[in-house]
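Order of listing sets the numbers, starting from 1, for every ligand and every atom in it.
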Amino acid sequence: MIYLNGKFMPIEEACIPVLDRGFIFGDGIYEVIPAYSRKPFRLPKHLNRLQHSLDGIRLKNPFSNDEWKNLLEQVIAKSDAEDQYLYLHITRGVAKRDHAFPVNVPPTVFIMSNPLLPPPAELLASGASAITAIDNRWIRCDVKAISLLPNVLLRQLAVDVHALETILIRDGFLTEGAASNIFVVKNGVLLAPPKSNLMLPGITYDVVLELAAANKIPHEIREITEAEVRTADEILLTSSTKEIMPIASLDNQPVGQGKPGPLFARLHALYQDYKATNMRGHSCGCSNS
Ligand code: PDD
């Protein structure tokens, strides 16, 4: 069951007019929110980012945060899965094709939920591969826009060579992944690129930095050069759907020892413990390992 413009319906019955500005111009924004044990993860942070994206495209938020919460709870309740990821999509609505914003047109609001599965254990154990590419996207990557063609093309470069992700470099510096944030580890220090208009401010990125701070893991938020990415001891990827994953090879070269490193193991355990404590109401104790 999905939600579309005020109604719940099976996804097969959901229809959008061809003149929807999301379809015509990619004129809209979206958000992806994990729900663990049927509870949305960091909902206020996701709703803040949703507001930031709406402000970025000058579209009024159709709902208050309480209304969003209520709607999302209804969507979650209609799914069988305990862990889900919620996809929220808002476009500037349906209007005669004209680049100018339409006047008095209601937005299109679509919400769906899919089961959320953890990354495969084999991949967590062996580490994933990634490639690099020049970041040729626009300069409002902080807006979670549905016009994702550059991200789609960049991610496909990785898919074409059976890699997990494309790591993006702009003007000699790391920005992020095509659909993820990227951290680098050098000499035991976790390095994170600073939030800017050139990357999406990841909710998982924030969790990882908070866990590092709370557990006295040395970390720095600063510009990371391409050379530092290429000589990293570890590379970590984060996103709402992939949580935290190790990158063990980059452009066919091993990253560090060519397998997941100690900081990945520590942060992954801390992340699982954080989830268990905050979302499932118990601690797995795995962060002590
Ligand atoms: N993508 N950067 C980009 C370009 C992304 O698309 C994503 C997530 C992230 C990570 O943000 P977060 O930790 O808040 O998920 C960073 C989602 C999962 C997607 O488009 O499906």
Side-chain angles (χ1 to χ4, degrees), residues 22 26 28-36 40-53 56 72 83-90 110-119 128 130-159 164-170 173-184 190 192-212 221 224 229 235-245 247 267-268 270-271 274-275 278-279:
I29 57 96
Y30 75 109
E31 192 53 47
V32 174
I33 310 176
Y36 296 109
F41 185 64
R42 296 211 152 193
L43 185 58
K45 306 270 184 205
H46 279 282
L47 292 179
N48 276 351
R49 187 171 68 183
L50 182 83
Q51 185 63 55
H52 176 80
S53 296
L72 294 172
D83 291 352
Q84 312 175 14
Y85 70 91
L86 302 158
Y87 176 87
L88 287 62
H89 177 119
I90 307 165
F110 166 53
I111 310 173
M112 68 175 166
S113 171
N114 284 291
L116 176 61
L117 303 173
I131 60 166
T132 55
I134 298 293
D135 191 345
N136 57 8
R137 302 172 300 163
W138 69 336
I139 51 170
R140 286 305 310 273
C141 296
D142 55 314
V143 172
K144 207 161 168 55
I146 59 168
S147 27
L148 281 173
L149 184 56
N151 302 62
V152 166
L153 292 172
L154 288 164
R155 173 86 207 296
Q156 189 61 32
L157 296 175
V159 174
L164 181 75
E165 182 59 304
T166 306
I167 294 179
L168 305 176
I169 307 288
R170 194 191 286 261
F173 292 94
L174 168 68
T175 52
E176 58 177 340
S180 60
N181 290 115
I182 301 291
F183 293 79
V184 161
L190 179 71
K195 286 181 185 174
S196 76
N197 58 314
L198 301 181
M199 69 173 240
L200 186 77
I203 306 297
T204 327
Y205 164 104
D206 284 342
V207 179
V208 166
L209 285 176
E210 286 171 26
L211 290 173
I221 301 170
I224 301 166
V229 177
I235 298 177
L236 312 180
L237 169 158
T238 63
S239 86
S240 291
T241 48
K242 296 196 170 68
E243 300 187 336
I244 172 163
M245 291 193 65
I247 302 294
L267 284 165
H268 184 259
L270 286 168
Y271 197 90
Y274 178 87
K275 240 170 56 182
N278 292 282
M279 307 305 290

If you look at every heavy atom in Asp142 and His52, which pair is closest and at what distance?
OD2-NE2, 2.8 Å
Sidechain-backbone polar pair: Thr238 side chain, Ile244 backbone, donor-acceptor under 3.5 Å
no
Over all atoms of both residues, closest heavy-atom pair of Ile167 and Ala130
CD1-CB, 3.9 Å
Ligand 1 N/O to protein N/O, distances under 3.5 Å:
from	atom 1	to	atom 2	distance (Å)
ligand 1	1 (N)	Lys144	NZ	3.4
ligand 1	2 (N)	Glu176	OE1	2.6
ligand 1	2 (N)	Ser180	O	3.4
ligand 1	13 (O)	Ile203	N	3.4
ligand 1	13 (O)	Thr204	N	3.1
ligand 1	13 (O)	Thr204	OG1	2.5
ligand 1	14 (O)	Arg49	NH1	2.7
ligand 1	14 (O)	Arg49	NH2	3.0
ligand 1	14 (O)	Ile203	N	2.9
ligand 1	15 (O)	Ser240	N	2.8
ligand 1	15 (O)	Ser240	OG	2.7
ligand 1	20 (O)	Tyr30	OH	2.6

Nearest 0.5 angstrom please: Glu243 CD to Leu237 CG, how far?
11.5 Å
Minimum heavy-atom distance between Thr132 and Thr166, given as atom pair plus value
C-CG2, 4.2 Å
Any side-chain to backbone donor/acceptor pair from Tyr205 onto Pro193? Under 3.5 Å, distance only.
yes
